[in-house]
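The structure under discussion appears below in the form of structure tokens.
Count residues from 1 along the sequence.
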Amino acid sequence: MSEVTLDSASVGKPAKKDLPAPRAQRKPVTRSFHGRDFTDNFEWLRDKENPEVIDYLEAENAYTEAFTSDLDGTADAIFKEIKSRVQETDMSVPTRLNGWWYYSRTQEGKSYGMSCRVRAEAGDGLAAWTPPTIADDAPAPGEQVILDANELAEGHDFFALGAASVSADGNLLAYSTDVTGDERYTLRVKDLRTGELLDDEIAGIAAGATWVGSEWIFYQKVDEAWRPDSVWRHRVGTSTEDDVCVFHEPDEAYWVGVGTVRSEKYLIIESSSKITSEVWYLDASDPTGEFTCVRPREAGVEYDIDHAVISGRDMWLITHNMTGSNFALAMVPAGSFDSISDLTELVAHRDDVRVEGVDCFAGHIAFGYRRGGIGRVALAVLDQDEDGAGSAGDASDTSHAAAPVPASAVNFVELDFDEELYSAGTTGNAEWDTPVLRYAYGSFTTPSQLWQIDIASGKRVLLKEQKIRGEFNRGDYVAKREWVSAADGAQIPVSIIHRADLDLSKPNPTLLYGYGSYEASMDPGFSIARLSLLDRGMIFVIAHVRGGGEMGRGWWENGRATTKKNTFTDFVAVADYLLDSGWTTREQLVALGGSAGGMLMGVVANIAGDRFAGIQAVVPFVDCLTSMLMPELPLTVVEWDEWGDPYHDPEVYDYMASYAPYENISADAKYPKILAITSLNDTRVLYVEPAKWIAKLREVVGGQPGQFLLKTEMSAGHGGVSGRYERWRQTAFEYAWIVHTAGAVE
């Protein structure tokens, strides 16, 4: 029997910090592609059904516990700080839908929330859209708890709620749960009149569930690679064996999604890869009908749609990249279209504006876009139909032969905000025919807020601000934007947050965070947990590196596939700026990244580890080349548009091999302390990647005792542990390691 080399004292709770590091046995296997061979000594760790693998992970956990036991006091203090600042017994602002006000509650001592509702009073005008006043700590008259996640989570080490959707008549709730962390959900239907569960139960599906009326549920199944590949129709009260597949996507590079537009007139299916999309629609009045393609897919063309009624006509609002990489906004009569010449342009492509999408209502449209590294919102009031109702039009009036709706019918006006760095976006708008619009607002120093704007008058009302318990004063903290030159001259936006009274005449402990993938933007947002870092004299810095989406589509294009190295060199350029400008020192600088940002951490450790006192990598994608060479793994094929396809293309193989963290560990590099955190049931970044990475670091580099640490959550998924208290404890542990490594004060 092969073995993991472990000191007997490393099994179980360690008593001292002089434990020898776990040493995974070398079991060489050779990977051969395109005439290139790579010997991998630790690929055997992939088999989590092997007790030897579990023993190794448990030994790593024991070793990490030994070398972080002196952080227990700091971690406990940070946990208590987070808990003391959070309004534990709280509720969301009620959202109106189909004659009910829906909201969620949290209660002190309970890890999960409860979904509740009360009847909405009949009425017209703004008064009908003013949410009822409900106490945070007491049920409202007539309150109905439609779902208590605490009850559903009882007896499970992990719990995640997927769908929670109510039928149109308000009588049935479809909800889905995951109790392992592998993101395979089980869908159930609850009768809200009796509280009883119906016999309908569908296992092993994706998270979502879409009602059409009160009889039909559309859901997604996943293939062996965890890819949502099909849409199925279920009739409540019938056997799942009678369910019908209404759409199947055979191309492994495409993911499938389903949902209704806000008007509920159409059911929409979107099948998309990273760079190509195709949309199908169905009139929801005929849920058993056939779907129609809006526009057949064309390689490199992305578009999505929303339904609006403009001058009494059913229209698609189309966000597309057919005229430029930063996208444009256009409209076309609802139905199919073939050519860009069929579209009426509303917002033209611009190099400095990234069009992100629209949110359509009976009488207005909210438009989201990005300029200067900040996401923005604009609002357009629509022309109404002859009755002024703005109701969904008659499909017979939407032919291309009808008189065209002019672009002048949609005129956007940007909402303005006072802060330089902020985030704003529409949220909590369930109803189609509403005279108000809700939007969320927040910044690095302003707790999350929910606002409501009266469309007719433009008056804004603050509905709720995130409650921060204790002595919080937003004026005690400052945030600023600086720009750093990359190696090729590109200007990298950098967000810097610190206490206002921090002594900047000397270097300070600093945390540098980065992500830089999937065109995802790290927008300004408030964090209660981050206060525990700032109050210990730390500076929090976000490097908005290429590969993200902060500066538009080109920012992503120049940080993916065969330009991916820009992501890494951008991050190093920001680190060098912080060091050269006197913000911090190499002994005080810690880097942090998770998932794809964890891959960034792995590369940075290889090429610039000497800049940092420590690197924390959470669910890190550090064995990226191996994963991209395994099409059978979850997500691999759909990821080829992001990273390139080394399986078929030798040039891509060579490019990825030149930076892949696992392949490029070097005895000549200078590595800081490294803490890798992963989850056994993660299906997005498998636990084996950081497990192999840490094992190889020890094999090649050796390192000082406790220099390379691996912590595996044995019952969790990609998002880590579940339950808010468990998450706070996990965050407290991670932050305690950062504080200690950066030398921040207690």
Side-chain angles (χ1 to χ4, degrees), residues 220 227-229 231 247 249-259 261 266 268-281 291-308 315-332 334-360 365 367-371 375 425 516-521 546-564 596 635 637-645:
Q220 301 142 270
R227 175 183 68 99
D229 70 330
V231 175
F247 186 88
E249 176 55 72
D251 192 326
E252 293 179 313
Y254 286 73
W255 274 33
V256 175
V258 61
V261 294
Y266 300 102
I268 304 296
I269 291 176
E270 180 174 353
S271 183
S272 59
S273 71
K274 301 290 183 183
I275 59 173
T276 304
S277 60
E278 181 179 75
V279 180
W280 296 67
Y281 75 97
F291 282 81
T292 301
C293 185
V294 175
R295 184 182 188 274
R297 70 188 63 175
E298 177 183 345
V301 172
E302 296 174 71
Y303 74 95
D304 60 33
I305 70 171
D306 199 356
H307 170 236
M315 306 292 289
W316 297 141
L317 271 289
I318 308 279
T319 303
H320 68 88
N321 68 345
M322 289 180 278
T323 56
S325 63
N326 258 351
F327 288 72
L329 180 65
M331 63 180 175
V332 67
S336 300
F337 74 94
D338 299 315
S339 169
I340 191 173
S341 62
D342 296 328
L343 304 180
T344 298
E345 187 172 81
L346 298 177
V347 178
H349 170 270
R350 282 173 47 177
D351 291 337
D352 63 336
V353 174
R354 169 62 162 96
V355 171
E356 296 189 324
V358 291
D359 212 357
C360 295
I365 300 172
F367 172 45
Y369 52 102
R370 183 171 296 278
R371 186 181 70 246
S517 292
Y518 303 110
E519 201 179 355
S521 299
R546 281 175 285 186
E550 288 88 346
M551 300 301 291
R553 173 52 64 92
W555 205 242
W556 176 60
E557 292 284 5
N558 284 293
R560 73 174 183 97
T562 53
T563 62
K564 189 61 195 171
L635 308 182
V637 175
V638 299
E639 295 290 292
W640 283 342
D641 283 334
E642 177 75 24
W643 310 105
D645 178 5

Under 3.5 Å, side chain of Asp342 to main-chain N/O of Ser339, donor-acceptor pair present? yes
Grab the two heavy atoms, one from Ile365 and one from Ala308, that are nearest each other, plus how far apart they are. CD1-CB, 4.3 Å
Thr563 vs Arg546 side-chain heavy atoms within contact, under 4.5 Å: no
Should Asp338 and Arg295 count as side-chain neighbours, where that means a heavy-atom distance under 4.5 Å? no
Pair Trp316, Phe337 - check ring pair (Phe, Tyr, Trp, His ring centres under 6.0 Å), show working. CA-CA 10 Å; Trp316 297 141; Phe337 74 94; 9.6 Å; no
Look up atom CE in Met331 and atom OG1 in Thr344, then write down how far apart they are to the nearest 0.5 Å. 5.0 Å
Does this structure show an ion pair linking Arg370 with Glu356, if we count only N-O contacts that are shorter than 4.0 Å? yes
Nearest heavy-atom approach of Val256 to Gln220 is O-NE2, 2.7 Å
Just so I know, are the side chains of Tyr369 and Val347 near enough to count as touching, which here means a heavy-atom distance under 4.5 Å? no
Pairwise distance CE(Met551) to OG(Ser521) - rounded to 0.5 angstrom: 10.0 Å
Ignoring hydrogens, what is the shortest heavy-atom contact between Glu302 and Thr276? Give both atom names and the distance. CG-N, 3.8 Å
Is there a side-chain contact between Trp640 and Ser273 (heavy atoms, below 4.5 Å)? no
Are Trp556 and Glu642 close enough that a side-chain donor and a side-chain acceptor fall under 3.5 Å? yes
On a heavy-atom basis, the closest approach of Ala348 and Ala328 is C-CB, 4.1 Å
Calculate, to the nearest 0.5 Å, the distance between atoms CE and NE2 belonging to Met315 and His307 respectively. 9.5 Å
Is there a donor in the side chain of Glu249 and an acceptor in the side chain of Ser271, or the other way round, less than 3.5 Å apart? yes
Do Arg350 and Asn326 come close enough that some side-chain heavy atom pair is under 4.5 Å? no
Would you name the heavy atoms of Tyr281 and Gly335 that are closest together and state the gap between them? OH-CA, 3.3 Å
How far does OG1 of Thr323 sit from CD of Glu345, to the nearest 0.5 angstrom? 6.0 Å
Compute the ring centroids of Tyr266 and Trp280, then answer whether they are less than 6.0 Å apart. no
Hey, does Ile318 have a side-chain heavy atom less than 4.5 Å from the side chain of Val332? yes
Has Ser272 got a side-chain atom pairing as donor or acceptor with Ser277's backbone, closer than 3.5 angstrom? no
Tell me whether the NZ or CZ atom of Arg354 lies within the 45° cone about the ring axis of Phe327 and under 6.0 Å from its centre. yes
So, do Leu329 and Leu317 sit near enough that their side-chain heavy atoms are less than 4.5 Å apart? yes
Compare every heavy atom of Asp251 with every heavy atom of Arg227, then report the nearest pair and how far apart it is. NH1-O, 3.0 Å
Would you check if Ile268 and Val258 make a side-chain contact, meaning some heavy-atom pair closer than 4.5 Å? no
Distance from Cys293 atom SG to Ile269 atom CD1, nearest 0.5 Å? 11.0 Å
Do Glu639 and Lys274 sit within salt-bridge range, that is, some charged N less than 4.0 Å from a carboxylate O? yes
Could you tell me whether Asp351 atom CG has more than 12 heavy atoms of other residues or ligands within 6.0 Å of it? no
Measure from the side-chain N and O atoms of Glu278 to the backbone N and O of Arg297, and report whether any donor-acceptor pair falls under 3.5 Å. yes
Member of Ile305, Asp304, Leu343 meeting the side-chain contact (heavy atoms from CB on, under 4.5 Å) criterion with His320: Leu343
Would you say the side chains of Glu270 and Tyr303 form a donor-acceptor pair under 3.5 Å? no
Does Tyr518 have Arg560 sitting over its ring (NZ/CZ under 6.0 Å from centre, angle to axis within 45°)? no
